[in-house]
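Reckoned from all heavy atoms, side chains included, excluding hydrogens, waters and symmetry mates. One-based numbering, in listed order, for ligands and for the atoms of each.
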Amino acid sequence: MHIFHTISGLREALQQHRKAGQRIGFVPTMGNLHDGHLALIHQARTTNDVVVCSIFVNALQFGLNEDWDKYPRTFDTDCEKLRGSACDYLFNPDEIEMYPNGLDTQSRVVCPTMTDILCGATRPGHFEGVTTVVSKLLNIVQPDEAVFGLKDYQQLAVVRRMIEDLCISVLITPAPIFRETDGLAMSSRNRYITEDERPNVTVLKTSLYEIADEILSGDRNFRRLEQSARERIEAHDFRADYVSIRQSKTLEIAAVDDTELTILGAMFTHGARLIDNLSIRLDNNAGLKEI
Ligand code: PAF
């Protein structure tokens, strides 16, 4: 695996693959890699000749009171994991390389829909930071395909919308949520969960799946289902941020006759904010759609 810290170095190295007509796959990350990230890289390898992974902890997407300072930076172990994976190139720029004119004056990519709801309501400015850095990374790597985890469903939906609106030529491919054996969705932030809380945090996932079961059995009282799930989460001593049944593509509040639904939830433990989601179809192929 080759490691580049500069945009020019990476671009030059990728040029030979482009000239040879090879497909380039890309997996953007903020590091602290776990098996979920490695699965994204593996997935990118199955449809591309070359795989690029980036590690950049993007200050622009963290709010003032968020975990920017303590976000785990584990570059050496990340490199070891990547060397054992299908990654060919690691792009690891520093902040000056990515934002040479400073964060405050950096041009931003604003995606006006979908970004101030759900996670965006609790984390103002977060998605503007994500769309800005993702568009920069896509311009730098110019991949044929970029793989994003379904765990960050809203991020995936926003990035897809940005690609469509800005005519960016890349295939965005979703990758399934990678889970611990008890069902907890893998996340770099799971390390903030305390030992006492750990057995109970799966209530987020089970509450969302319970909603899916109810809907698939014919219940269409969405607001009541959301409320029961929030109560279930709070009965386990966690603070529910939101539980919401949405239209899968636009993330608008789902209407009873929508056929592609995504059920999203977020909750606070003492030290972490956890998110999860699942999608269902209600047409002739009715069922779970965790791709
Ligand atoms: O999902 C992440 O890890 C980040 O939001 C991303 C896409 C790498 C942008 O910083």
Side-chain angles (χ1 to χ4, degrees), residues 4 7 10 25-41 43-44 51-63 66-75 78 81-82 85 87 89-95 97-99 103 106-111 114-115 118-120 122-143 145-163 166 168 170-178 185-192 264 266 272-277:
F4 289 97
I7 296 170
L10 180 74
F26 178 45
V27 179
T29 80
M30 296 205 300
N32 194 233
L33 303 179
H34 50 66
D35 288 349
H37 293 113
L38 301 180
L40 302 187
I41 291 168
Q43 183 167 326
V51 177
V52 181
C53 170
S54 64
I55 295 181
F56 177 63
V57 185
N58 176 36
L60 216 55
Q61 70 189 72
F62 286 78
E66 292 188 348
D67 57 344
W68 155 253
D69 287 341
K70 63 173 184 163
Y71 197 85
R73 289 158 173 87
T74 51
F75 186 71
D78 287 348
K81 290 179 184 172
L82 288 174
S85 80
C87 179
Y89 293 97
L90 169 60
F91 179 50
N92 173 234
D94 63 13
E95 199 163 292
E97 185 68 8
M98 284 301 279
Y99 299 119
L103 291 180
Q106 165 67 40
S107 305
R108 313 279 177 115
V109 176
V110 179
C111 196
M114 302 184 197
T115 49
L118 305 168
C119 289
T122 311
R123 307 185 65 191
H126 167 68
F127 286 110
E128 187 173 307
V130 170
T131 47
T132 299
V133 81
V134 169
S135 59
K136 285 186 76 123
L137 289 167
L138 292 175
N139 282 332
I140 293 165
V141 179
Q142 296 181 24
E145 179 176 359
V147 182
F148 286 82
L150 273 166
K151 198 203 113 225
D152 295 296
Y153 188 89
Q154 189 175 5
Q155 168 171 280
L156 173 68
V158 168
V159 166
R160 278 181 153 154
R161 179 61 193 263
M162 173 185 81
I163 299 301
L166 301 183
I168 301 178
V170 63
L171 173 70
I172 301 293
T173 307
I177 299 177
F178 221 68
M186 285 190 186
S187 163
S188 301
R189 290 189 168 100
N190 287 353
R191 59 164 55 197
Y192 304 147
L264 304 103
R273 183 173 169 282
L274 307 179
I275 58 174
D276 207 334
N277 69 82

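- Between the Asn190 side chain and the Ala185 main chain, a donor and an acceptor come within less than 3.5 Å of each other.
- Ligand-side atoms of ligand 1 in range of Val133: 9 (C), 10 (O), range being under 4.0 angstrom from any heavy atom.
- The contact set between ligand 1 and Pro28, taken as ligand atoms under 4.0 Å from a residue heavy atom, comprises 8 (C).
- For ligand 1, none of its N or O atoms has an N or O atom of Thr29 under 3.5 Å away.
- Using a 3.5 Å distance cut-off with no hydrogens or angles, the side chains of Tyr99 and Asn58 do pair a donor with an acceptor.
- Within 6.0 Å of CZ in Arg161 there are 12 or fewer heavy atoms belonging to other residues, nucleotides or ligands.
- Contact of the Leu82 side chain with the Cys53 side chain is registered, since non-hydrogen atoms from C-beta on lie closer than 4.5 Å.
- At under 3.5 Å, a nitrogen or oxygen of Gln155, whether backbone or side chain, sits near a nitrogen or oxygen of ligand 1.
- When Met30, His126, Lys151, Gln61 are checked for heavy-atom proximity to atom 10 (O) of ligand 1, Gln61 turns out nearest.
- Counting heavy atoms from C-beta on, the side chains of Leu137 and Met98 come closer than 4.5 Å.
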